[in-house]
Amino acid sequence: MIHSLFLINCSGDIFLEKHWKSVVSQSVCDYFFEAQEKAADVENVPPVISTPHHYLISIYCDKLFFVSVIQTEVPPLFVIEFLHRVADTFQDYFVVMLGTHSPLGSCPTFHGARQE
């Protein structure tokens, strides 16, 4: 399903990447950066971007983009839900490690409800 995951900050820096099936070049994120430039606001980047060989499915959560790379067509809501769970895991980790509020803050899910 998901071949790669990239975490990108608002400056466009890819600071974390994880590959599961095969290594996907960071250049695939250029399509995401083009869509980001066209968007009026960072929150208005399309969640699904079709490229010639991949699909990019992303969420925006507290100044971070979680961008997944898919090679076959899959239901995007499954991937979006997974990305929100990854963001929640990061949030839970930093709350436990820092003993304070999370640097990720709160990420609204696509259906508007969060399970705690």
Side-chain angles (χ1 to χ4, degrees):
M1 188 157 111
I2 296 177
H3 286 259
S4 299
L5 174 66
F6 295 95
L7 267 60
I8 304 171
N9 63 17
C10 286
S11 302
D13 301 319
I14 300 171
F15 64 90
L16 181 103
E17 60 184 85
K18 170 67 178 154
H19 306 281
W20 282 280
K21 294 195 174 206
S22 61
V23 176
V24 176
S25 172
Q26 288 184 353
S27 64
V28 74
C29 293
D30 291 343
Y31 295 101
F32 175 78
F33 295 136
E34 289 175 15
Q36 187 181 22
E37 288 176 6
K38 292 178 185 175
D41 187 28
V42 292
E43 294 180 355
N44 293 332
V45 176
V48 180
I49 300 168
S50 179
T51 71
H53 301 289
H54 301 92
Y55 296 96
L56 304 178
I57 300 176
S58 65
I59 64 168
Y60 178 71
C61 180
D62 196 41
K63 300 181 184 176
L64 292 178
F65 289 98
F66 292 75
V67 181
S68 61
V69 180
I70 315 290
Q71 287 187 333
T72 59
E73 196 168 321
V74 298
L77 290 181
F78 288 141
V79 178
I80 290 171
E81 179 65 26
F82 172 77
L83 294 176
H84 278 287
R85 290 179 187 260
V86 170
D88 288 344
T89 301
F90 273 85
Q91 181 181 21
D92 292 343
Y93 175 79
F94 284 114
V95 167
V96 170
M97 292 302 296
L98 299 176
T100 60
H101 72 283
S102 169
L104 291 180
S106 177
C107 302
T109 60
F110 63 90
H111 50 73
R114 278 179 63 105
Q115 293 180 346
E116 297 295 330

**OP:** Name all residues meeting the side chain to side chain contact (heavy atoms under 4.5 Å, CB included) criterion together with Pro76; count only those two or more places apart in sequence or in a different chain, and write none if there are none.
**Re:** Val48, Ile57

Subject >> Side chain proximity check, Phe66 to Leu7, heavy atoms < 4.5 angstrom >> reply: yes

Original post:
Passes side chain to side chain contact (heavy atoms under 4.5 Å, CB included), Ile70 versus Ile2? Steps please.
Top reply: CA-CA 5 Å; Ile70 315 290; Ile2 296 177; 3.5 Å; yes

**OP:** Not counting sequence neighbours, which residues clear side chain to side chain donor-acceptor pair (under 3.5 Å) with Ser25? List them please.
**Re:** Ser27

Subject >> Electrostatic pair Arg85-Glu81, nearest N-O below 4.0 angstrom >> reply: yes

Subject >> Results of ring-ring contact (aromatic ring centres under 6.0 Å, His included) for Phe82 - residues two or more places apart only >> reply: none

**OP:** Of all the heavy-atom pairs spanning Pro52 and Tyr31, show the shortest one and how long it is.
**Re:** CD-OH, 3.4 Å

Original post:
With distance as the sole test, does Asp13 use its side chain to make a donor-acceptor pair with the main-chain N or O of Phe15 at under 3.5 Å?
Top reply: no

**OP:** State which residues pass ring-ring contact (aromatic ring centres under 6.0 Å, His included) with Phe6; sequence neighbours excluded, sorted by chain then number.
**Re:** His19

Original post:
Does some side-chain heavy atom of Tyr55 sit less than 4.5 Å from a side-chain heavy atom of Val74?
Top reply: no

Subject >> For Val42 against Val45, the heavy-atom pair lying closest together >> reply: O-CG2, 3.4 Å

Original post:
Below 4.5 Å, heavy atoms only, C-beta onward: do Val69 and Leu56 meet side chain to side chain?
Top reply: yes

Original post:
Using the ring of each side chain (for Trp, its six-membered ring), is Phe65 parallel, tilted or perpendicular to Phe32, with breaks at 30° and 60°?
Top reply: perpendicular

Subject >> side-chain hydrogen bond (donor to acceptor under 3.5 Å, both in side chains) pairs, two or more places apart, involving residues 41-54 >> reply: His54-Gln71

Subject >> Nearest-0.5 Å distance, CG of residue Leu64 to OG of residue Ser58 >> reply: 12.5 Å

Original post:
Can you name the closest pair of heavy atoms from Cys61 and Ala87 and give their distance?
Top reply: SG-CB, 4.1 Å

Original post:
Looking at residues at least two apart in the chain, or sitting in another chain, which of them share a side chain to side chain contact (heavy atoms under 4.5 Å, CB included) with Lys21?
Top reply: His3

